[in-house]
Amino acid sequence: MNRIHQKLQEDRKLLSIYFTAGYPNLNDTVPIIQELEKNGVDLIEIGLPFSDPLADGPTIQESSTAALKNGMTTEILFNQIKDIRKTVSIPLILMGYFNPVFQYGVEAFCKKCSEIGIDGLILPDLPLNVYQEDYKAIFEKYGLINVFLITPQTNDERIRQIDDASNGFIYMVSSASTTGAKTGFGEEQTNYFNRIESMNLKNPQVVGFGISNSDTFNQATKKAKGAIIGSAFIKHLTKNGTTKIDEFVNKIRI
Amino acid sequence: MSYNVNEKGYYGEFGGAFIPEMLYPNVETLRQQYLTIMEEPSFKEEFDQLLKDYVGRPSPLYFANRLSKKYNTKIYIKREDLNHTGAHKVNNTIGQILMAKRLGKKRIIAETGAGQHGVATATVCALMGMDCIVYMGEIDIARQAPNVARMKMLGAKVRPALSGSKTLKDATNEAIRDWINNPVDTHYIIGSAIGPHPYPDMVTRFQSVISEEIKWQLKEKEGKENPDYVIACLGGGSNAAGAFYHYLHEENVGLIAVEAAGKGINTGESAATSVLGKEGIIHGCKTLLMQTPDGQITEPYSISAGLDYPGVGPMHAHLYKSGRGEFISITDDEAMAAGLELTKLEGIIPAIESSHAFAVFEQRKFNPDDIVVINLSGRGDKDLQNYIDYFKL
């Protein structure tokens, strides 16, 4: 059973943390993952940096640029985490843009992920129809879960399609925005969260974008199974390096 | 072989819509409606009227006597530089602002490199009374100051793109991010034949008025619609797409796309995508783009802001891969010399983008009875300072 499925069965709200691999320093990847798990994070999204991250706001853009300057590549990331399963048991997801995966070769990339023990992928610019026609069979062959996004603008029919195509959880983008652009939730989000709840989807939802502290985490997970923090954690890394990760995580789940 | 887009949004293996879900509702609405809207009689009428009375179309097809003599062939210049706002870009912005109105959008965003598309967008927004935000790379803002001033005077907000190479690629990223953040009221007017389907096809159709006119103008002058060659410069590819469109399936018409080699193909400072690029995903489409082996998009270089882009539109990628198009790259120096030559021989100061196309005559021989149509995509007013600095005039 995929670690993501196991995790989703646990009877609690899940905290997922995103960070950009290779930031702040090239070799921080493994220590950050280990520290996050040690402090009770449920799921980690390891960001594969990209030169042109279209869906990201300035915080994640800058971390990606810095990571690339530090020399991060797909191959280096795979080498850094090749033994990660000796020390880490929570689900690990690689998140990035499609072009680096496409250049590596989608099948080679998936094979490598499977060998390492990566559980799933989030590739925001790999659209649903292309995935289904060209890549679904490859993902399934290597036991990888592909996570799709929905937004407040996604209509019910499209959400049903995405729910049918999903086999893990749905990444619920909380508002129409790039990452880190907005914090906090208003009436639009409440309506959106209620709408999704009433649809009774077969896949649980994990909310991302706009979550930075315990308040927003609690609001986001009132209906959803979990929530993802990205930009706020990157800012923490910028300020503290790999220290005080325990403080950051403990402040979220109080 | 077909060189038009297929029902799935592809030109051969290139194209598609590789967009994050946040953009899906807008792009999907556009995909479902763009052809229907474009075919509405009221849309056609308004579009044609504005092209005629506001833009000043048809643009002349001018027989360049002295240039023809010098290169011993028959050269016709398609004068897109004489359009209102000074380039071909306005053909597309007129079409897209009418599209935006019919889609109920109130706010317009655009990216710009040389500033020609930004000016053309700011112009139609002033014309229609719509809010306009133009993203422009910080480096381009510095090298295209007259166009920045024009956009501001027209009421547009010019927002600098500060990331990456601070040029057209980064301005496009910022415009896409703006659209993600403002999905309901905003239409994104892409200026090049790039982006997710249906953009490359929509932009190409609006620009196709160029080759539509060449056909009847050439018939008047030469008694036949088809030249032997059509030449156009190629950044993202909108002017080339328009100049080629009605000749795509006329296999006896050679299509020559001219890319910017910058300081030279192998100098690391170039924008010659067909030579240096590889298949990949940029700005929502699968096409040829300049990138590292690891799939990071590299920073291009050209003296001309409008050609300083690491990709080509998917239609052009298909023309290259299929062999239908002939691709030539021209260095900064060759382009500047050709621009000065056109000025001296014909009294026409071209945009540096278009100068690249004219440099082909030094690179490639044509027969004396060949009819060669070259698309003069823009005028050189915006580049005056660059010409002055380069030639120490």
Side-chain angles (χ1 to χ4, degrees), chain A residues 48-58 61-62 64-65 67-68 71-77 96-105 109 122-130 133-134 148-155 158-159 162 170-173 175-179 181-182 188 209, chain B residues 8-10 13 15-29 31 161-165 168-186 195-197 278-287 289-299 310-311:
Chain A
L48 180 61
F50 182 50
S51 56
D52 295 76
L54 292 177
D56 287 302
Q61 281 177 47
E62 282 159 24
S64 303
T65 307
L68 293 172
M72 184 51 84
T73 64
T74 309
E75 201 60 63
I76 288 174
L77 175 60
Y97 290 81
F98 186 51
N99 197 48
V101 178
F102 184 69
Q103 296 311 322
Y104 196 89
F109 192 93
I122 307 176
L123 302 167
D125 59 344
L126 173 60
L128 176 64
N129 63 331
V130 177
E133 283 171 31
D134 297 344
F148 294 102
L149 277 56
I150 61 171
T151 82
Q153 277 70 42
T154 313
N155 65 34
R158 175 87 175 163
I159 290 174
I162 287 170
I170 290 174
Y171 191 132
M172 240 177 106
V173 176
S175 66
S177 73
T178 44
T179 54
K182 295 171 187 167
E188 190 199 357
F209 292 38
Chain B
K8 286 183 166 175
Y10 283 83
E13 64 194 276
F18 292 79
I19 46 167
E21 194 62 29
M22 293 82 116
L23 292 175
Y24 181 82
N26 273 325
V27 172
E28 179 61 12
T29 303
R31 185 187 73 79
L162 304 170
S163 58
S165 56
L168 180 54
K169 162 178 89 82
D170 312 284
T172 308
N173 289 339
E174 288 307 321
I176 292 173
R177 288 181 187 120
D178 182 308
W179 210 19
I180 288 174
N181 281 286
N182 299 282
V184 179
D185 64 342
T186 300
H197 177 67
K278 198 172 159 248
E279 190 181 330
I281 316 292
I282 184 171
H283 296 144
C285 63
K286 187 183 281 185
T287 188
L289 65 129
M290 290 165 49
Q291 54 186 316
T292 66
D294 206 40
Q296 308 295 340
I297 299 172
T298 50
E299 299 182 357

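In what follows, chains carry the letters A, B, and so on, assigned in the order in which the sequence lines appear, proteins first and then strands, with residues in each chain numbered from 1.
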Region of [X] in contact with chain B, defined by heavy-atom distances below 4.5 Å:
X	value
A/Thr65	neither
A/Ala181	side chain
A/Leu128	neither
A/Ile150	backbone

Nearest heavy-atom pair of [X] and [Y]: which atoms, and what distance?
X	Y	answer
A/Phe50	B/Ile297	CZ-CD1, 3.8 Å
A/Gln103	B/Gly295	CG-CA, 3.4 Å
B/Ile281	A/Phe98	CG1-CD2, 3.8 Å

* Asked: Salt bridge or not for B/Glu21 and A/Arg158, using N-O below 4.0 Å?
  -> yes

So which of [options] has the biggest tally of heavy-atom pairs under 4.5 Å with chain B?
options	value
A/Pro58, A/Gly57, A/Pro100	A/Pro100
A/Gln61, A/Gln153, A/Glu75	A/Gln61
A/Asn129, A/Asp56, A/Asn155, A/Leu54	A/Leu54

* Structure fact -> From the list B/Asp178, B/Ile180, B/Thr172, B/Asp170, the residue making the most non-hydrogen contacts under 4.5 Å with chain A is B/Ile180

* Asked: Which of the residues B/Arg177, B/Met22, B/Glu28, B/Glu279 is involved in the greatest number of heavy-atom pairs with chain A at under 4.5 angstrom?
  ->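 Looking at each of B/Arg177, B/Met22, B/Glu28, B/Glu279 in turn, B/Arg177 comes out on top.
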
* Asked: For B/Pro196, is it the side chain, the backbone, both, or neither that has a heavy atom closer than 4.5 Å to a heavy atom of chain A?
  ->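 Neither; nothing under 4.5 Å.
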
* **Heavy-atom proximity to chain A below 4.5 Å, by part of B/Ile19** => backbone

* Residue among A/Leu48, A/Thr73, A/Asn99 satisfying side chain to side chain contact (heavy atoms under 4.5 Å, CB included) with B/Asp294 ->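 Passing option: A/Thr73.
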
* Side-chain heavy-atom pair B/Tyr24, A/Thr154 within 4.5 angstrom cut-off ->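 When only atoms from C-beta onward are counted, A/Thr154 and B/Tyr24 do not touch, as no gap falls below 4.5 Å.
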
